[in-house]
Amino acid sequence: MRLSDFPQESRIVEMSYPTKVVFGIGALKRLPAQVERLKVKKALLVTDGGVVKSGLAERAIAVLRAAGIPFAVFDSVRPDPTERDAFEGVAAYRQSGCDGLIAIGGGSPLDTAKLIDLLVTHEPPLSRYDDAAGGDRFIRDDLPPLIAIPTTAGTGSEVSRSGVATLSDTGRKTVIFSPYLLPKAAICDPELTVGLPALLTAATGMDAFTHCLEAYLANAFHPLADALAIDGIGRVAQSLEKAFRDGTNLAARSQMMVAAMEGAMAFQKGLGACHALAHALTPISRLHHGLANAIVLPAVLEFNRGACVARLAQVAITMGDNSLAREEVLASNAIERIRKMESRVGIPTRLRDAGVREVDLPLIASKAFQDASHLTNPRKCTEEDLLSLARSSF
Ligand SMILES: [Zn+2]
């Protein structure tokens, strides 16, 4: 790197990894110690119907009961939550006299808990805090403590600074982003992901992979994020297929849980066009977030290739390419390897095969263009570029 590659005074960057992570098989039993450390007297346990049905919420409840920790339960977070979920959670928090939150589940309960946490001390509407409109400047450091317990290995929301919800004013899946949204503790217990069905393992795992990859390629200065991202890429390459084929493989599950954390820690650097499109595809086409990323990723990488050849070459090497080929060849190999990895875990190659309607593509491109994620895409993209990426993924 040359001196000019480092940030100069006009663009000094801030990097933060303050979440306490308790990681390991059986880590759930350490939950009470974190509740005590954070001096929470009564916690609101935020979760959703799926986590209740799987028995995982009950496992957390049993741990809290055994430790004599008072809590209330809010278990009605909807999949791909909207602002309404957060408002209902705030009402439950106030009615039960809580002073902290515990979130258990996938991205939906974890993100909703962050937004409940925000709205307990901040005035609505959530659109005021939209990252794309610079809303982070309105977020103060006075949120109650939040402990996050992931039951998927994908979003990494347990260690990320963002909460995502579809807002009522805009109908757009919106990113709220601030270091103050970071959970104070994350309990990462790979055992909690053992029951995740194969297709969800693939879709959430590809979300983790896309976080690592888009962050690694993002046009910004963040060497700490780069190191985490490239490590996560290697872990997913080694373990996603194993976790997909045998959900009880705890070593693979553990690797994926680390990669999910690394992806979310890394994307404080920024994401790219793939996430901009995925954020539009989910509310419009009801497509799972991880699946949306996975399907558009190859086209986005082809579009970006010329702008990040050296980094894509490094991705190929990290994923196991030892051909010693030229950088340009390695960059193509990286994209090919990613395509193959996706097909081995049952990801469809076309949006049309995942239920997306062609007539919706212009709207998807327009919403994606309003999403801040593409601002750090390694190659600058216009709304027309996003539309042609959506079309070529279709
Ligand atoms: Zn994502």
Side-chain angles (χ1 to χ4, degrees), residues 79-81 103 105-112 114-115 131-132 148 150-166 172-177 181-183 186 193 196 199-218 225 228-229 232-233 235-236 240 256-301 338 341-342 345 347 351 354 364 367-368 371-377 386 389 393:
D80 299 309
S108 298
L110 267 51
D111 279 16
T112 302
K114 286 177 174 172
L115 302 178
D131 183 49
T151 59
T152 64
T155 127
S157 187
E158 64 276 14
V159 291
S160 83
R161 307 196 284 192
S162 60
V164 183
T166 303
R172 187 163 57 79
K173 203 165 171 178
T174 300
V175 180
I176 317 281
F177 193 84
L181 290 182
L182 276 163
T193 66
L196 198 65
L199 281 176
L200 268 177
T201 299
T204 50
M206 279 310 300
D207 188 29
F209 183 79
T210 309
H211 292 157
C212 291
L213 186 59
E214 287 210 291
Y216 187 62
L217 303 178
L228 290 163
I233 287 167
R235 287 179 197 268
V236 176
L240 177 58
M256 288 306 299
M257 197 161 239
V258 174
M261 265 195 293
E262 289 179 327
M265 287 174 164
F267 74 57
Q268 64 176 247
K269 179 186 173 195
L271 285 164
C274 188
H275 263 80
L277 285 162
H279 287 154
L281 277 160
T282 296
I284 296 170
S285 306
R286 314 301 320 153
L287 197 53
H288 182 279
H289 171 70
L291 196 58
N293 274 312
I295 299 173
V296 298
L297 184 60
V300 170
L301 291 173
I338 292 163
M341 177 172 76
E342 292 195 348
V345 297
I347 302 285
L351 289 172
I364 288 163
K367 295 281 180 192
D371 188 281
S373 305
H374 72 80
L375 298 176
T376 44
N377 194 63
L386 290 165
L389 286 170
S393 307

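Each ligand, and each atom within it, is numbered from 1 in the order the structure gives.
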(request) Anything under 30° is parallel, anything over 60° is perpendicular, the rest tilted; go ahead and classify Phe267 against His211. (result) perpendicular
(request) Compute the centroid of each ring, for His275 and then for His289, and state whether the two points are separated by less than 6.0 Å. (result) yes
(request) Go through Lys114 and Ser157 one step at a time and tell me if the side-chain hydrogen bond (donor to acceptor under 3.5 Å, both in side chains) criterion holds. (result) CA-CA 9 Å; Lys114 286 177 174 172; Ser157 187; 3.1 Å; yes
(message) I want to verify a count. Protein N, O or S atoms less than 2.8 Å away from the Zn ion (ligand 1), how many are there?
(response) 4
(message) I'd like to know if Lys173 and Asp80 make a salt bridge, using a cut-off of under 4.0 Å between side-chain N and carboxylate O.
(response) yes
(request) Would you please name every residue forming a ring-ring contact (aromatic ring centres under 6.0 Å, His included) with Tyr216, sequence neighbours left out? (result) none
(request) Flag the pair Met206 / Ile347 as yes when at least one side-chain heavy-atom distance between them is below 4.5 Å, and no otherwise. (result) yes
